[in-house]
Amino acid sequence: MVKKYVVKRSGKFWPSEEMKRIAWVSDDKIYKEAEKNLIKFWEKLAKEGITWEQEWNETYYEKLPYFEWFKGGKLNFCVNAVDRHLDKGSKTALIWIPEPLNEKPIKITYAELYEKVNRFANVLKGLGVKKHDVVSIYLPLIPEALIAMLACTRIGAIHSVVFSAFSAEALKTRILDGNAKILITADGYYRRGKKEYLIKKAKKAVKGTDIKKIIVVNRLGKKVFGRKYLDFKKELGKAETYYKPEIMNSEDIMFILYTSGTTGRPKGVIHDIGGYAVQAYWTSKWNFNLHDDDVMWCTADIGWITGHTYAFYGPLLNGATTLIYEGAPDFPDPSRWWKIIKENNVSVFYTAPTAIRMFMRFGDKYVSKHKLDSLKILGTVGEPIDKGAWMWYFNKIGKGRCPVIDTWWQTETGGTLINALPGVGPFVPTISGRSFPGTKHIIVDDKGKLSQEGKTGNLVQVSPFAPGMLHGIYKNHKKYAETYWKRFKTKYDTSDGAYLNKGLIRITGRTDDVMKVAGHRLTTAELENALNNHRLVNESAIVPTPHKIKGQVPVAFVVLKGRKKGSERLIKKLKKHIDKVIGPTARPEKIYFVQDLPKTRSGKIMRRILKSIINNEKPEGLTTLVNPEIVKDIKGLISEEGK
Ligand code: WTA
């Protein structure tokens, strides 16, 4: 019989008796227990969830803007994700679904993963990679990504993964920032039936960097020549099968992951080993109720934090099975994802609102013919989810049986922080819920005063900060201190707006210049910088505008040098330029050529006014402008286009 995991009561969804029966956490006492002593609570979780070589001598130490968890503790991350599951070595750790239908899925057991990771650890060591060195990884969603990342953690190297859709220039900036000597990449991957050659971009990116060797996964059968290049599989085959895990300090850096910075340069968010492991383990276990027989599919790419924590590390720390899929969601047609769920008995499915909205548009027919009865829990992440998308997800994918867990978190937080727990609830469309047990978030006004229920304010986290939180911005103390600790001093500034609804947290979205485009994080400044660097552009302004599927998309206003008039051809050129500098994810939806941008007397570009014009709202604050007449021109331009 198909099981039901939710029930409806007084307009809200709650866990059913069946869900309560199987849930690790089935009542809200856990929150009260945690609140008694947040530090002791995490200390207990750290001991229970993670295998340590040596226990810490100080559980939590804080000297803002820095803080450390499990100081003095020693461990190896790879031991926790792989070695300790060897007693069930024949269990599948990873299921990989290639995009081409004529290729069979690949299953890798924990024992096989162990061997491959050990071998690859030896490959890296053989190339001179030492503890604390940064290794750059530019790989698509293929098993070698997991092997490479875990091998780094085994030898104590720091991995820096760059999203495979990012441009050569974006990769280069990140390689330079980490001063990496080794790059792990692939010849390419399949996307919508086409071969995407990653290697071309990789070759371009390493010019002018210190990269000595490039290890290439042969996915497409393309021959890669040159002294610098090594073949992933060949090297693996030659290497020894055991590498003694390096014993690391809990607070050593485990990885760097770049996220858009306000001034244009990406920020290297630093995560440590111990704290990250503890949060990744427990949030995976409690949010997704992972048990031995669960197959979790988190659809995020490993180029993002969601891919790091919930496609790879969280499920593996729990000894569960994780599934990854190489290709496009709608290839060869929009039933691909649902077939994957069915054929692999996926029980936990975690995706982004943008994907849900895309499937809604395709129509119900692709999903209604699939029962999807292996599913137990659905998750969403990356941007606020609207009620329509939530209900569609709940009814069409979950068939009204599974809770939808709306998880709020950030690259900086390492793991989820605000959501309902599946065995506790309630599951309310558009509302994320409560702070994860052991963490605390409040909503304050711009002066830092507590906001009242229902009033939108700034979402901040209070001390003790969650164990998985970032430990700085790589080589950039100033940016770290300014971005997260300047506004509210002793509270971590999330830059998200939120309000309380009957004690539950509803996220309203970013309050800074960050956009979420199809779940991807971009800043207006980063895009403007890229545009302004084009030889024909004098200056530009980017404003986010709502989009039915992607949530938000960037729209560009461009002033050309010499105030020249633009053309369709130039629009295409500028879009290509953005592809080249950042990647196609950042491509503006529209580009308008304007004679000037609305500016204040001090020369500040008033993006707010452009935003109102684009959204057909009455722009306010025109009196502060030096050039109010330009507003009329821009309005004219946009309404002209709408005709
Ligand atoms: C947004 C992704 C509403 C938020 C894990 C945050 C969300 C930013 C949610 C971080 C959610 C993430 N509801 N908004 N459930 N989850 N966000 O670093 O604005 O790519 O600050 O991390 O995504 O994006 P990032």
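Read the numbers this way: they start at 1 and go in the same order the structure lists the ligands and their atoms. If you read the sequence from its start, that first residue is 1, and numbering goes on from there.
In terms of the side-chain contact (heavy atoms from CB on, under 4.5 Å) criterion, residue partners of K285 (sequence neighbours excluded) are, by chain and number, W24, Y281, W282, N318. Applying the side-chain contact (heavy atoms from CB on, under 4.5 Å) rule to A530 yields the partners I578, V581, I582; only residues at least two apart in sequence or on another chain are considered. By the salt bridge (Lys or Arg N to Asp or Glu O under 4.0 Å) test, K201 pairs with no residue at all, sequence neighbours left out.
Ion pair E412/R521 flagged as a salt bridge, since at least one NZ, NE, NH1 or NH2 atom sits closer than 4.0 Å to an Asp/Glu carboxylate oxygen. A salt bridge is absent between D513 and R607; no separation between the charged side-chain nitrogens and carboxylate oxygens falls under 4.0 Å. Between D493 and K486 there is no salt bridge, since none of the side-chain N atoms of the basic residue sits less than 4.0 Å from a carboxylate O of the acidic one.
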Could you list each N/O atom of ligand 1 together with any protein N/O atom closer than 3.5 Å, one pair per line with the distance?
unit_1: ligand 1; atom_1: 13 (N); unit_2: E383; atom_2: O; d: 3.4
unit_1: ligand 1; atom_1: 14 (N); unit_2: P384; atom_2: N; d: 3.4
unit_1: ligand 1; atom_1: 15 (N); unit_2: D406; atom_2: OD1; d: 2.7
unit_1: ligand 1; atom_1: 15 (N); unit_2: T407; atom_2: O; d: 2.7
unit_1: ligand 1; atom_1: 16 (N); unit_2: G382; atom_2: N; d: 3.1
unit_1: ligand 1; atom_1: 16 (N); unit_2: T407; atom_2: O; d: 3.4
unit_1: ligand 1; atom_1: 17 (N); unit_2: G382; atom_2: O; d: 3.4
unit_1: ligand 1; atom_1: 18 (O); unit_2: T411; atom_2: N; d: 2.8
unit_1: ligand 1; atom_1: 18 (O); unit_2: T411; atom_2: OG1; d: 2.5
unit_1: ligand 1; atom_1: 18 (O); unit_2: R521; atom_2: NH1; d: 2.6
unit_1: ligand 1; atom_1: 19 (O); unit_2: D496; atom_2: OD1; d: 2.7
unit_1: ligand 1; atom_1: 19 (O); unit_2: D496; atom_2: OD2; d: 3.2
unit_1: ligand 1; atom_1: 20 (O); unit_2: K516; atom_2: NZ; d: 3.1
unit_1: ligand 1; atom_1: 21 (O); unit_2: Q410; atom_2: NE2; d: 3.0
unit_1: ligand 1; atom_1: 21 (O); unit_2: D496; atom_2: OD2; d: 2.5
unit_1: ligand 1; atom_1: 21 (O); unit_2: R510; atom_2: NH1; d: 2.8
unit_1: ligand 1; atom_1: 22 (O); unit_2: T411; atom_2: N; d: 3.3
unit_1: ligand 1; atom_1: 23 (O); unit_2: G382; atom_2: O; d: 3.2
unit_1: ligand 1; atom_1: 23 (O); unit_2: K516; atom_2: NZ; d: 2.9
unit_1: ligand 1; atom_1: 24 (O); unit_2: K516; atom_2: NZ; d: 2.6

